[in-house]
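Notes to accompany the following structure.
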Amino acid sequence: MSSTAPAAVAAPKKARAAKKATPSKDAAPKAKRGESQRYKYSELNKASLTSGEAQHIYGVIIDATFPYKTNQDRYICSLKIVDPSLYIKSQKGTGDSSDFATVVLYAKRFEDLPIITRLGDIIRVHRATLRLYNGQRQFNANIFYNSSWAVFPQEGAGHGGASHSGKNYSFEKSEDATLANIRKWAQGYFQQYNVVSSDLYVPLAKAAGQKSDFDVVAKVNQVFELDEYTNELRLRDGSGAQTWNVLALKLKFPNVHAGDVVRIRSATYDETSTQKKVLLLSHYSNILTVPANSKLAKEVKAKAGDEKLDKAAINGVNATVLTEVDKKHAGLPVHSLLDLFHNIETDKEIQSKDTFRTQFYVTKIESADVKEWTKSYDKKTKKGASFKGQKGNANAIYQVQFLVKDVSTQFNSNTYKVLLYTHDGLGANFFNTPADNLYTNDKAAKKLQEYSGLLTKFNSWVDAVVERRNGFYFIKDTKIAF
Amino acid sequence: MFASVPAAKPATAKKTAPPKSAFKTLIFELLENKGDFSKLSQSIRKSSLKCQVNQAFPKFLVSDGTYFLSAYFTKDCIRKCHAEKDRKVNITDLQGGLISINKWEVELIGVNSAEEFISYQNVEMRLVVHEFKALYGEQLKLRKFPANLFRDDEVKALIQHFIQEERSAHLKGLKRDFDASKPLLTLREANTVSLLDPSKGSKQSADEEIFSAFTHLLPKNKQVETVNLQEIYVAEKGPDALRQFNINFHFAQKKEVPCLEKKARNLKHGRRASHDDSRKQPAV
DNA sequence: CACTTCTGTATG
DNA sequence: CCGGTATGGTGG
DNA sequence: GGGGTTCTGGGG
């Protein structure tokens, strides 16, 4: 093989930053001709504390702040990393604080720092200086000068899918092995160890007692869209019966999903919230997902459990989904009311489909009189007749209109019709009771009356599958969950 | 928290304890009373609000130690504090200081939340200052990083609830004569019920535009008149200063030094070994 | 080429 | 005259 | 650096 200098790899994705990361001065970049290694990577625990020279490292990320602004022209991202020479060995109990290294990246621009979304990803830093800070090995890297970083996902082979500072990044062929090795080690490490030792976070049950900010490891039981900018995460960690809420901007944390186990770097207890338990985030706070197959994630998932829905919880304090959708639609993508009623006029994709999953709240139900929710249906004329004054329940069907609203249509003046018309069988089980003459079946009428109240209550939501027929949307394969 | 406001004592008996923030209590009460300030208990309306001035310009932000919101001054208020002979008070010099707002009111108004960050879903609780006093002596031991009141989880829920009730009241009062004989052209027309009054001839397709004509949000002409903060700035510091302020944005310059606190801070200068430079030496 | 540091000039 | 900006110098 | 911005004041 020609033993030429390593080829700089063109960025596979659009680079986050606009800078260049051409190798600059200091230690390693002195590749003699014929030599193929410009960068030599130090193990975290063997990097020199005395030389003061710039060094190059690979590490497994176990914590990180979000890139944050510190003054007019400085941004910082601070992270904790480990490698086979320096890692937290305790599975539980107190960890030894010297068992990881920290990395502090400095930049002039937000875009020049990495956004870390997962524990277990690999970071490579070029031209960092090592010093002891509070007994910690701390690598400092000035991205605004000549340092650079690259982050490789834990999943996947090779160095595809990397994000990096600068316009491009170098990757020597010898690094294939380096990367593969540390990935393999990380894999085993996350499966055998907790990685995040218990002194690095607090159980939610102890959150209220914290004096200052703290970290959390918990399961995301639900991601609720609070408004067009914000999700409200529902967190549980099994340390108490409470479910905790935290507002997470959609743009800042696009990768948080229900069922994930996450680590929150820096939260505070909200002393002003009296109706529900709330954690507050800061601009440097981060939410990192814990690999699903890791020991830690499995333990937390097992402990957290699910919060079951019961009627008493529908009190307007927390937004609550009252319905459940048949499992066969699990993969059906969610569409907003804007899609269903507006974008359909122009969007070919939407026009080509007729079944959608959608979420909304009910502002009004028609008929207002619950007894008129069912009709006697004449298949010939396709008309429903009131049961009022009638005996029996011949050909009973539901004919109910929901006037609904959602986040995507929050600001406009419209409410939208979603129908529960069961003449063709669609949605027949929605109310968990067969359509009947409600003038004679008091028990059913009473139950429906209760549903009516709960469905139109503030913070009650419906998660439904609808099918478009003849220009109307009909609910199907959906039922109230209690 | 307020100095003398029994903020911890809501007028109406609630199931839950009041929040530990005067502003949050205030917005709870105001929304509960559909924006009618006169319905709040006198003990709240007549209390003084002791606040920290987080920022004087371009928005006047005051905090109760936990949350901040925007304050607005009446013409009378400005006139009075500029008239003080010996100690003329400059609104724009209050940054970092404490003030006691002794006469005030709050009103619920419709705004564009895309532009006004001290609001939520186009609703703002507007704090109108009729009379205040600068508290020069007192120390600022309030929380250092107050948060936007309108980003609070419970406050958001409260405003959503308010809007939803306004909407459903609107919907209930709407006379909807559905003309079945008229052919429906689009799916949207068939499935849309508008809050807009159909008799007004407004188009049914209010897709893009923002609806905030709720009955309990004050229209512009019903709001208390307040002085534009930029006018105050010019009056106090001159047009040059305003121009300079805007230039500072072009190239971000130094942090404005709050007039009130720039004295007693010449003691610390010993540049702590900041490690943001990999070439600089000493470790700790 | 991008970054830092130094120097001189325009600007107010 | 101060400070920010533009320019040339530097290492890789 | 376990932290505090803002023409970015719902990534910062």
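The analysis underlying the following values was restricted to heavy atoms, covering all of them including side chains, and did not include hydrogens, waters or symmetry mates. Numbered from 1 within each chain, the chains take letters A, B, ... in sequence-line order.
- Side-chain contact check for A/Arg127 and A/Tyr39: at least one donor-acceptor pair (N or O, by modelled atom type) lies under 3.5 Å.
- Interface remark: the A/Lys69 side chain does not form any donor-acceptor pair with the E/dG3 base, using a distance-only criterion of under 3.5 Å.
- Nucleotide E/dG3 forms no Watson-Crick or G-U wobble pair with any nucleotide shown, as no partner meets the under 3.5 Å limit on both distances.
- For E/dG3, the base adopts the syn conformation, since its glycosidic angle falls within 90 degrees of zero.
- Contacts classified as salt bridge (Lys or Arg N to Asp or Glu O under 4.0 Å) and involving residues 247-256 of chain A (residues at least two apart or in different chains) are given here: A/Glu225-A/Lys250.
- Below the 3.5 angstrom threshold, one finds a donor paired with an acceptor across the side chain of A/Asp215 and the base of E/dG2.
- Between A/Lys108 and E/dG12 there is no side-chain polar atom (N or O) within less than 4.0 angstrom of OP1 or OP2.
- If you check distances only, the side chain of B/Gln55 does reach the base of E/dG9 with a donor-acceptor pair under 3.5 Å.
- Under the stacking criterion of a centre-to-centre distance below 5.5 angstrom and an interplanar angle below 30°, A/Tyr229 sits stacked against the six-membered ring of E/dG10.
- For the strand DNA chain C, secondary-structure stems (runs of at least three Watson-Crick or G-U pairs, all distances below 3.5 Å) span C:1-3 with D:9-11.
- On a pure distance criterion of 3.5 Å, no polar donor-acceptor pair joins the side chain of A/Arg74 and the base of E/dG12.
- The base of E/dT8 is paired with the side chain of A/Tyr75 by a donor and an acceptor separated by under 3.5 Å.
- A close approach under 4.0 Å does not occur between any side-chain nitrogen or oxygen of B/Lys59 and OP1 or OP2 of E/dG9.
- You won't find any donor-acceptor pair under 3.5 Å spanning the side chain of A/Asn146 and the base of D/dG11, going by distance alone.
- A donor-acceptor contact under 3.5 Å is not formed by the side chain of B/Asn148 with the base of E/dG9.
- A salt bridge does not link B/Arg126 with B/Glu116: none of the charged nitrogens is closer than 4.0 Å to a carboxylate oxygen.
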